Amino acid sequence: MIEIKNAKTIDGKRTDRKIPSDQTKIIDASTLTLLPALIDPHVHFRVPGAEHKETWATATDAAVHGGVTTVFDMPNNTPSCITLERLKEKKKIIDGQLKIPIRYGLYLGADQNHLEEIARCKDEIVGVKIYMGSSTGDLLMKDPAALEKAFQIAGENDVLVAVHAEDEDLIQERKRKLSLHSHASDHSIIRNAEVAKRAAALAIELAAKYGVRLYIAHTSTKEELDLVRQAKRQKLKVFAETTPHHMFLTTKLYEKLGTMALVNPPLRDTNEPVWEAIHDGTIDTIGTDHAPHLLEEKRLPYGKAPSGFPSIELYLALLLNAHAHGKISLEQIVRLTHTRPREIFRIKENDDVVLVDLEKTKTVEDAHLRTKAKWSPYHGMTLKGWPKFTILKGRVYEIT
Ligand code: DOR
Ligand code: ZN
């Protein structure tokens, strides 16, 4: 049995908590605050095919350091996870790498030549991921008829559709017209708000037509969020995720990090629309979009450098730091990182918790990170509020 004594609750009370376990441990939590463990509905743990960037051994260590005990992993692997056979194979490889028994779910990648897999896989997946714009990997739904068919099948089978909502045709058109492709900062101009809006609008239209539960990944613009607001008003089952980088970083980062600041969808000039949508309830969840690439890959010139940031181990500290600065309440953090993901993805309640020290201040150092990629765009930031213990399936992970 794990006994947590005298922990603060998010509403300022005190509580004791007993968690069934084969370990016997008493935690004096008088200086700590108790939260439900975080659910991260959007990670890229790189297996199979990119184990040089991350494995489930390193990623799960990073996850518990971020207070996360449940993750949903994306299908843009090598090879892409687009069939039941690949899904089963991927699961086998993951289970072989796990040292920390994280709770996980997998997305199926929608592929226009394998649409029948959506129904075949429905009981094995958390949802089907549709790339409406290209990103890392070769998953891209190019054919509009196949896109519509994927929504239809998902609707018929009650499968959640998660979309990477960027319009590929518009990306290509803007690349050609603007002839901007030499500086990292061009990325945010090419993949502008219109690119995101056009894809989100189509996804919402198809979700409405086929009664699909639609999860729009990494929303970052006012344009997308206004569409989500409107969809929610119409009582559509449309949910919005944002990311830590769209909450805390902007295009200013290009000056400091160049191509290391590349991510899809890109950084925006302002975080304001995201924060507004957090506060008015339009945004349902935060997904870290933990997407590790090695530093030497990220430092390649624009056009060659991959997009994405490792971030999962800083996830909770970034949110607690925002709380320390009065930007977000603990109730909102719990809603975004636990309650709404549980409702949207229909996850059963469990005993996993995280104990956080709201007073602890620490500076983020790349060298101390657990991710195999060993860097993050948050290097050098001093954050107030850090997790101290993550408890997963009755096991205590102390965070140092
Ligand atoms: O920046 C990104 N990186 N966006 C994505 O959509 C994919 C991800 C990755 O897997 O690297
Ligand atoms: Zn992603």
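Small disclaimer: the values here were computed from a predicted structure and weren't measured. Note that ligands are numbered from 1 as they come in the structure, with each ligand's atoms numbered from 1 the same way. When reading the values below, keep in mind they use all heavy atoms of this one structure, side chains included, and skip hydrogens, waters and symmetry mates.
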Is any side-chain N of the basic residue among Asp169 and Arg198 closer than 4.0 Å to the acidic one's carboxylate O?
no
Who's the nearest protein heavy-atom neighbour of atom 4 (N) of ligand 1, and how far?
Asn264 O, 2.9 Å
Among all protein heavy atoms in this structure, tell me which lies nearest to atom 2 (C) of ligand 1, with the distance rounded to 0.1 Å.
Ser307 O, 3.5 Å
If you group Ile, Leu, Val, Met, Phe, Trp and Tyr by side-chain heavy-atom gaps below 4.5 Å, do Phe151 and Leu236 land in one group?
yes
For a distance under 2.8 Å, give residue and atom name for each protein N, O or S atom next to the Zn ion (ligand 2).
His42 NE2, His44 NE2, Asp289 OD1
Heavy-atom contact under 4.0 Å between Met74 and ligand 1?
no
Which of the ligand 1 atoms, numbered from 1, are nearer than 4.0 Å to a heavy atom of Asn76:
7 (C), 9 (C), 10 (O)
Using a strict 4.0 Å cut-off to heavy atoms of Arg46, name the atoms of ligand 1 that fall inside it.
9 (C), 10 (O), 11 (O)
Basic-acidic side-chain contact under 4.0 Å: Arg346, Asp158:
yes
Glu166/Arg191 salt bridge by N-O under 4.0 Å criterion
yes
Is the His42 ring parallel, tilted or perpendicular to the His218 ring (thresholds 30°, 60°)?
tilted
Could you tell me which non-hydrogen atom of Leu318 sits nearest to which non-hydrogen atom of Pro244, and how far apart they are?
CD1-CB, 4.1 Å
